[in-house]
Amino acid sequence: MIVDLPKPGGFASLTSSSPKLDSVPLGRVLRGLADRLSIEASETIDETLELFLEEHERYANATRIASLSSAHALKAWAAERLPSLNLSYGFVNRIDQDAIQTNLDETAPLKLVEFADDLTLIAGYCRSLEELKIEAAPHSHGLSFRFCFKGSSDDESRFRVEDESIANLLNHGSGDNSLKKRIIATDTQIEAECIVLRKKVRLGFIPKF
């Protein structure tokens, strides 16, 4: 199945630089941290964080994203969003059409895009990124989306921002059993996996990973 990807800023695009009807702000985890730091530690706030968030402010078209499968929504998001961050990336989709059809969900695609955007902004601000690899694959409980950001930083303050932001991202929506998330950060890369659970799985139990 061939899916035409929307042009950034076009009528059918998934994201925009200004809010529109049905818009959802992206990058809320890093924005939330910046707002808290501006109150708690205003005398030491790094203005580069505010400049970074202002430069990369985007809004998601919730209605458009809900019309796509999780895999197609993530691929379209990557095509629109990652070039604006000057980030080289590869996207491998190992999910066949049958798996896509059996895992269709009107709410999961937006949550997946929000997770990917939050994680990308965190990595993009805190590290000098070389590349991003994304892999979509079937999973015994639904669909698996893996991210590997290659890059490092020698700025201790950025690592503190990264650690707190990742913790906040993992806790964000912790009561929602439609996604299961894990993130591992090392000196040279950030690895993450987001599993979109099938509806029958999430209604029956919450699997442990």
Side-chain angles (χ1 to χ4, degrees), residues 3-32 53 55-85 87 89-95 99-100 103-125 129 132-137 139 142-149 165-166 168-183 190-199 202:
V3 176
D4 291 329
L5 298 180
K7 296 179 179 180
F11 176 76
S13 61
L14 270 65
T15 63
S16 62
S17 58
S18 58
K20 300 178 181 179
L21 187 64
D22 271 353
S23 286
V24 174
L26 294 172
R28 285 186 285 187
V29 169
L30 199 56
R31 165 49 63 192
L53 288 169
E55 179 182 358
H56 299 294
E57 182 178 13
R58 296 292 187 278
Y59 297 84
N61 183 328
T63 301
R64 169 65 178 153
I65 292 175
S67 69
L68 302 173
S69 69
S70 293
H72 290 143
L74 187 65
K75 186 174 183 179
W77 164 84
E80 286 186 36
R81 186 70 153 131
L82 298 180
S84 70
L85 290 160
L87 181 55
Y89 77 97
F91 190 106
V92 177
N93 185 8
R94 305 186 189 282
I95 304 172
I100 287 176
N103 286 276
L104 287 177
D105 187 313
E106 65 279 3
T107 60
L110 177 58
K111 294 175 183 177
L112 175 62
V113 166
E114 288 181 294
F115 173 81
D117 205 273
D118 273 320
L119 186 61
T120 300
L121 287 183
I122 293 167
Y125 175 71
L129 293 179
L132 165 60
K133 293 183 179 179
I134 305 174
E135 180 180 352
H139 187 276
L143 302 174
S144 169
F145 299 90
R146 295 184 178 182
F147 306 81
C148 183
F149 296 84
S165 297
I166 287 177
N168 291 342
L169 178 55
L170 289 173
N171 288 330
H172 181 69
S174 57
D176 178 14
N177 65 350
S178 61
L179 301 182
K180 285 296 167 186
K181 304 169 286 188
R182 68 179 181 89
I183 303 171
I190 298 176
E191 289 186 281
E193 182 178 28
C194 185
I195 299 172
V196 177
L197 301 177
R198 288 193 301 273
K199 287 184 178 180
R202 66 177 90 146

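Scope of the values below: all heavy atoms of this structure, side chains included, with no hydrogens, waters or symmetry mates.
At distances below 3.5 Å, at least one donor-acceptor pair connects side-chain atoms of Lys181 with backbone N or O atoms of Leu169.
When the salt bridge (Lys or Arg N to Asp or Glu O under 4.0 Å) test is applied to Asp118, no partner is found at least two apart in sequence or on another chain.
Between Ser84 and Arg58, the closest heavy-atom pair is CB-NH2, 3.8 Å. Counting all heavy atoms, side chain and backbone alike, Pro25 lies closest to Tyr59 at CA-CD2, 3.6 Å. Of all heavy-atom pairs spanning Ala62 and Val24, the tightest one is CB-CG2, 4.0 Å. Listed here is the closest heavy atom pair of Ser18 and Ser23: O-OG, 4.5 Å. Taking all atoms of both residues into account, the shortest heavy-atom contact from Arg64 to Ser13 is CG-O, 4.1 Å. Closest of all the heavy-atom pairs between Ala79 and Tyr89 is CA-OH, 3.4 Å.
Counting heavy atoms from C-beta outward, Leu132 and Phe147 have side chains that approach closer than 4.5 Å. Side-chain contact check for Pro109 versus Leu68: every heavy-atom pair is 4.5 Å or farther apart. A 4.5 Å side-chain heavy-atom check between His56 and Leu85 finds at least one atom pair inside the cut-off. Residues Phe149 and Thr120 form a side-chain contact, since some pair of their non-hydrogen atoms from C-beta on lies under 4.5 Å apart. Side-chain contact between Ile100 and His72: present, with at least one pair of heavy atoms (C-beta onward) separated by less than 4.5 Å.
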